[in-house]
S.K.: 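Let me give you the structure first, and then I'll get to my questions.
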2 protein chains.
Amino acid sequence: MPDRDLPSLNAMRAFEAAARLGSMSLAAHELHVTHGAVSRQVRTLEEALGQPLFTRQGRGVVLTTTGQQLRELCSAAFGQLRDGWLQLRNAQASAACVLGCSGSVLARWVIPRLERLRHDLPALTLHLAVQEEPVADHLANVDAALLLAAPPWPAGWQVHELAPERIGPVLSPRYPGADRLREQPACALCDEPLLHPASRPQAWPEWARAMGLPAESLRQAQALPHLYFLLEAAAAGLGVAIAPQPLVADDLASGRLLAPWGFCETSARWALVSARRDDARLAALADWLHRELAET
Amino acid sequence: MPDRDLPSLNAMRAFEAAARLGSMSLAAHELHVTHGAVSRQVRTLEEALGQPLFTRQGRGVVLTTTGQQLRELCSAAFGQLRDGWLQLRNAQASAACVLGCSGSVLARWVIPRLERLRHDLPALTLHLAVQEEPVADHLANVDAALLLAAPPWPAGWQVHELAPERIGPVLSPRYPGADRLREQPACALCDEPLLHPASRPQAWPEWARAMGLPAESLRQAQALPHLYFLLEAAAAGLGVAIAPQPLVADDLASGRLLAPWGFCETSARWALVSARRDDARLAALADWLHRELAET
DNA sequence: CGAATACTTGAGTTAAACTCACGCCATGCC
DNA sequence: GGCATGGCGTGAGTTTAACTCAAGTATTCG
């Protein structure tokens with residue numbers, strides 16, 4: 001006995017459907033169960049109430065007087081619940097969602113895909129905010145942040161891991177010696193001026209380690225304050241840069257940049273993180289980001 | 001997913017209790033489950049809604065704004081359901097219940113116990129109706145009938161079997177030769193004038209068979225139209241009657257009748273039968289009758 | 001700082017709910 | 001009448017949602 005004063009709510013839902021549709025079988029179909037299940041639930045309810053709700057007459061069922069009263073009661077209560085529930089859901093689903101991410105990611109990946117995002121998730125109203133790392137301090141100002149970082153994640157964050165990070169060297173076809181370099185193995189880069197992001201001095205050594213090259217042999221020539229400038233510099237033919245694959249995917253496709261040695265995974269992850277749990281908008285957004293990152 | 005538009009009702013009930021009491025643990029206690037169970041249900045609900053309902057702060061929980069709205073919604077809906085449900089239950093529980101039974105049973109068993117019944121089941125308003133067998137034709141006029149009959153029961157009846165019937169010979173201490181007879185084995189009755197009920201000529205042979213006596217050896221002297229008259233005749237010392245044990249229990253206790261050879265079971269049963277299913281009043285009445293019959 | 005309190009969470013278990021398959025009954029059609 | 005059809009009831013077996021248990025975390029209080 002769940003409660004002496006209140007019967008099984010699931011049984012009531014089954015009854016309400018059966019009463020509304022005038023048939024156990026139709027109700028069963030609506031609830032995606034078999035007619036036997038509905039039959040049993042209704043029977044349970046009748047036993048709990050102490051009187052029949054339907055009169056069975058061979059083919060079909062008809063509500064008793066008591067059944068009609070209970071039907072009205074259930075319809076009203078469940079209708080109220082559903083309306084209120086949907087209202088609460090929609091209120092938040094339609095609220096704007098502020099997404100923070102670094103300028104580089106924003107400019108080179110998010111913005112080019114905004115139109116597609118609007119098309120795929122029309123219900124989502126997205127606002128964008130530039131947010132350089134460390135993100136932790138700014139997480140309170142946004143609903144979520146799209147970032148590249150390595151686990152473990154700070155406690156209390158809600159994290160949707162989207163994809164492993166893959167980085168690799170890129171250079172412009174206009175770079176002097178580009179034609180020569182692209183034919184050679186990765187170790188040829190030891191002799192080239194390497195551009196690296198100031199925010200991430202470990203990028204080249206990480207890559208070298210993954211490729212089996214001695215990290216010391218690399219010559220980091222020029223640091224640039226943002227990945228965005230780094231890539232612009234590389235595109236301008238100033239040197240060889242290193243970048244996450246999705247950020248250069250468009251340039252690779254257009255031939256503006258080359259990646260002769262491909263990309264390799266690091267320990268970092270693309271992730272959508274937020275301070276608040278249980279935001280359905282973010283779940284949908286994470287799902288979309290996951291698919292979009294996997295596509296390139 | 002039970003339904004896209006309506007979340008788990010059980011989760012809502014758990015949430016409502018937790019919100020009302022301001023504590024998962026207290027809600028768990030109210031619902032007779034562990035606090036872990038409530039925690040999970042609330043979590044399920046939060047995930048379905050896509051936003052948190054409580055803010056957890058170490059010790060204790062507090063409702064979010066959304067949580068407060070959902071709490072009001074749930075309280076209203078569940079309150080409505082409970083009130084309506086109880087009203088439907090009570091409406092029928094307080095309606096008078098018409099019980100039919102034979103005049104003999106009524107006079108010699110039911111009426112002497114009416115006071116006790118009123119005391120044990122104060123909520124039951126009982127009306128009595130005399131109803132001689134066959135009962136089938138009259139079942140429509142009463143809510144239920146108390147009767148003695150053998151299975152199988154007609155289809156469509158709701159039957160509460162109460163106890164096996166036990167019958168045995170009874171005689172008055174004033175009966176000539178009572179003192180002699182009571183010391184002798186049952187076969188001594190072969191020589192006595194036996195009173196039998198017109199409505200049930202098989203009573204004596206049935207008893208004889210159960211006792212291992214040849215049925216033919218019995219001499220049925222006098223038929224009387226009702227068990228009631230039969231027992232009055234026996235009490236007046238006119239002969240030896242045969243009767244169900246409960247109907248003479250009071251007379252045996254007072255010494256007005258003797259049953260020197262005890263009682264033995266027949267294939268018949270005391271039963272409370274009705275045409276309607278699922279009447280909580282009858283379930284309670286059957287339970288009381290069962291206990292009362294077992295007591296003698 | 002340790003004890004106490006309250007929620008969370010992962011693993012394993014249980015009881016409710018479901019499916020399946022068959023039976024029954026009424027209706028309608030040949 | 002005989003037979004097919006549609007709908008409900010029910011017993012047996014199985015699935016699954018919900019639960020318990022136990023360990024973990026965070027906060028408060030003496």
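Quick note on labels: first sequence line is chain A, next is B, and so on, each numbered from 1.
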S.K.: Tell me, please, which residues at least two apart from Q158(B) pass side chain to side chain donor-acceptor pair (under 3.5 Å).
M.R.: none

S.K.: Are the side chains of L272(A) and V159(A) in touch, meaning some heavy atoms are under 4.5 Å apart?
M.R.: no

S.K.: Just the rounded figure in Å: distance from P of dC25(C) to CE of M24(A).
M.R.: 17 Å

S.K.: What's the CZ-P distance between R13(A) and dA17(C), to the nearest Å?
M.R.: 12 Å

S.K.: Which pairs with one or both residues in residues 49-73 of chain B pass ring-ring contact (aromatic ring centres under 6.0 Å, His included), sequence neighbours excluded?
M.R.: F15(B)-F54(B)

S.K.: Among dT8(C), dG9(D), dG7(D), find the nucleotide with the atom closest to the side chain of R43(B).
M.R.: dT8(C)

S.K.: So, R166(A) and E265(A), do they make that salt bridge, N to O below 4.0 Å?
M.R.: no

S.K.: Rounded to the nearest 0.5 Å, what separation is found between the NE2 atom of H290(B) and the NE2 atom of H160(B)?
M.R.: 12.5 Å

S.K.: At under 4.0 Å between heavy atoms, what does S25(B) touch on the DNA or RNA strands: base, sugar-phosphate, or nothing?
M.R.: sugar-phosphate

S.K.: For T64(B), check side chain to side chain donor-acceptor pair (under 3.5 Å) against everything at least two apart and list the hits.
M.R.: none

S.K.: Determine to 10° how strongly the helix from dC1(C)-dG30(D) to dC30(C)-dG1(D) is bent, judged from the axes of its five-pair ends.
M.R.: 20°

S.K.: Among residues two or more places apart or on two chains, list those pairs meeting ring-ring contact (aromatic ring centres under 6.0 Å, His included) that have a residue in residues 81-101 of chain A.
M.R.: none

S.K.: Under the 3.5 angstrom rule, does the side chain of R13(A) hit a backbone N or O of L9(A) as a donor-acceptor pair?
M.R.: no

S.K.: Whole Å only: how far is the CG atom of L45(A) from the C1' atom of dA17(C)?
M.R.: 15 Å

S.K.: Send over the distance from E46(A) CD to dC8(D) C1', rounded to a whole Å.
M.R.: 12 Å

S.K.: Indicate for each nucleotide in nucleotides 16-27 of chain D, in 5' to 3' sequence, whether protein heavy atoms under 4.0 Å reach the base (B), only the sugar-phosphate (S), or nothing (-).
M.R.: --SSB------S

